[in-house]
Structures are given as structure tokens and as C-alpha cells.
Trainee: 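Here it is: the structure, laid out below.
Because the structure is predicted, anything quoted here is derived from the model rather than measured.
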Amino acid sequence: QVQLVESGGGLVQAGGSLRLSCAASGRTFSSAIYVMGWFRQTPGKEREFVAAISWRRGNTYYADSAKGRFTISRDNAKSTVYLQMNSLKPEDTAVYYCAVSPSAVIPTLDTYYNYWGQGTQVTVSS
């Protein structure tokens with residue numbers, strides 16, 4: 001079983017920055033993780049892929065909305081994945097979730113992720 005705990009959300013003005021963290025734990029953590037990703041969701045809207053990283057090689061993939069502004073990274077020793085968000089826009093406002101997928105390649109659909117964090121709120125004011 002894998003447990004994911006997110007932190008780092010908050011209120012920021014447009015153009016500002018935030019860094020989200022997701023700490024993973026559990027007895028089967030190392031064997032279960034192939035890809036860790038970030039999704040976001042607003043009320044009344046489906047969950048949207050933001051970015052993902054392969055755990056072993058560190059390959060990354062970004063949604064067009066995040067490309068050039070967001071950076072995903074991981075610290076293998078700390079079992080933690082990060083999402084550095086710069087140049088934030090009001091449309092980035094959402095609950096952000098981290099998730100784990102067993103896929104050998106980076107998936108962008110939420111149905112391919114097995115474990116999810118509780119989410120952290122990001123609010124960007126204009």
C-alpha cells in the first residue's frame with residue numbers, strides 16, 4: 001500500500017510562485033512506483049493532467065498549460081515529488097493532486113493511476 005500526502009498549496013497573486021510537495025510512504029512504495037504525476041481539478045470539471053515524472057529515469061512530460069511555467073522533480077532518497085509552479089495565472093486555481101501509476105510509460109489519463117493524495121488547494125488571484 002502507498003500513501004501520498006500533499007502540501008504547499010495556498011493563496012498567491014498572479015505572477016507568483018508556489019512549490020507543491022508530495023511525500024510517499026508505505027511498505028510497498030519502491031516496488032509500486034513507476035510514474036508519479038500531478039493532476040488538478042475545479043468544481044464541476046473533470047480532473048486534468050498537469051505533469052508527470054518516471055521514478056527511475058526522471059523522464060518528464062507536461063501538459064501544454066504547464067509547459068514553460070511548471071517543473072516537476074523528485075527526490076528518490078526522500079520519496080518525494082515536487083511541482084514548482086511559476087508565473088501563476090488565475091486559471092491555475094484548482095485542487096492539485098499527486099498520484100502514482102504502475103505504467104512503464106507516462107500516462108496522462110487519471111484512470112492509469114492507482115494511488116492518490118488528498119489534494120492541496122491552489123488559489124491564484126488576479
Trainee: Atom OG1 of Thr60 and atom CZ of Phe70: how far apart are they, to the nearest 0.5 Å?
Mentor: 14.5 Å
Trainee: For Asp92 and Arg40, what are the C-alpha separation, side-chain angles and deciding distance, and is it a side chain to side chain contact (heavy atoms under 4.5 Å, CB included)?
Mentor: CA-CA 9 Å; Asp92 295 318; Arg40 65 188 184 186; 2.9 Å; yes
Trainee: Residues two or more places apart in sequence or in another chain: which of them pass side chain to side chain donor-acceptor pair (under 3.5 Å) with Thr123?
Mentor: Gln121
Trainee: Taking Ser103 for its side chain and Ser101 for its backbone only, find out whether a donor-acceptor pair lies under 3.5 Å.
Mentor: no
Trainee: Less than 4.5 Å apart, side chain to side chain, heavy atoms only: is that true for Tyr34 and Val100?
Mentor: no
Trainee: Among all residues two or more places apart in sequence or in another chain, which pass the side chain to side chain donor-acceptor pair (under 3.5 Å) test with Ser17?
Mentor: Asn86
Trainee: Using side-chain heavy atoms (C-beta onward) and a distance below 4.5 Å, is Met85 in contact with Val122?
Mentor: yes
Trainee: If you count heavy atoms of other groups shown closer than 6.0 angstrom to NZ of Lys45, is the number above 12?
Mentor: no
Trainee: Can you tell which of Tyr96, Trp116, Tyr112 makes a ring-ring contact (aromatic ring centres under 6.0 Å, His included) with Phe39?
Mentor: Trp116
Trainee: Hey, quick one: are Trp38 and Tyr82 part of the same hydrophobic cluster, counting side-chain heavy atoms closer than 4.5 Å, chains of contacts allowed?
Mentor: no
Trainee: List the atom of Ser126, the atom of Ala14, and the distance in Å for their closest heavy-atom pair.
Mentor: CA-CB, 4.3 Å
Trainee: Could you check whether any side-chain N or O of Tyr113 sits under 3.5 Å from a backbone N or O of Pro107, counting only pairs where one atom can act as donor and the other as acceptor?
Mentor: yes
Trainee: Mind running side chain to side chain contact (heavy atoms under 4.5 Å, CB included) on Thr120 and Leu20 for me, showing each step along the way?
Mentor: CA-CA 8 Å; Thr120 185; Leu20 307 183; 4.0 Å; yes
Trainee: Using side-chain heavy atoms (C-beta onward) and a distance below 4.5 Å, is Cys22 in contact with Val5?
Mentor: no
Trainee: Can you check whether Ile72 reaches Tyr62 side chain to side chain, under 4.5 Å on heavy atoms?
Mentor: yes
Trainee: Between the main-chain N or O of Ala94 and the side-chain N or O of Thr42, is there a donor-acceptor pair closer than 3.5 Å?
Mentor: no
Trainee: Scan Arg47, Glu48, Glu46 and name whichever one has a side chain to side chain contact (heavy atoms under 4.5 Å, CB included) with Asp110.
Mentor: Arg47
Trainee: Just wondering, do Met36 and Leu4 contact through their side chains at under 4.5 Å, heavy atoms?
Mentor: yes
Trainee: Tell me, please, which residues at least two apart from Glu91 pass side chain to side chain donor-acceptor pair (under 3.5 Å).
Mentor: none
Trainee: First locate atom CZ of Arg69, then atom OG of Ser87, and finally report the distance between them rounded to the nearest 0.5 Å.
Mentor: 7.0 Å
Trainee: Any donor-acceptor pair under 3.5 Å linking the side chain of Ser54 with the backbone of Gly58?
Mentor: yes
Trainee: Can you name the nearest heavy-atom pair linking Ser21 to Thr80, along with the distance?
Mentor: CB-CG2, 4.4 Å
Trainee: Assess the residue pair Asn59 and Ile53 against the criterion (side chain to side chain contact (heavy atoms under 4.5 Å, CB included)); give the C-alpha distance rounded to whole Å, side-chain angles, the decisive distance to 0.1 Å, and a yes or no.
Mentor: CA-CA 5 Å; Asn59 298 324; Ile53 186 168; over 6 Å; no
Trainee: Checking side chain to side chain contact (heavy atoms under 4.5 Å, CB included) for the pair Arg19/Leu83: CA distance, chi angles, key distance, verdict?
Mentor: CA-CA 6 Å; Arg19 189 180 78 156; Leu83 184 67; over 6 Å; no
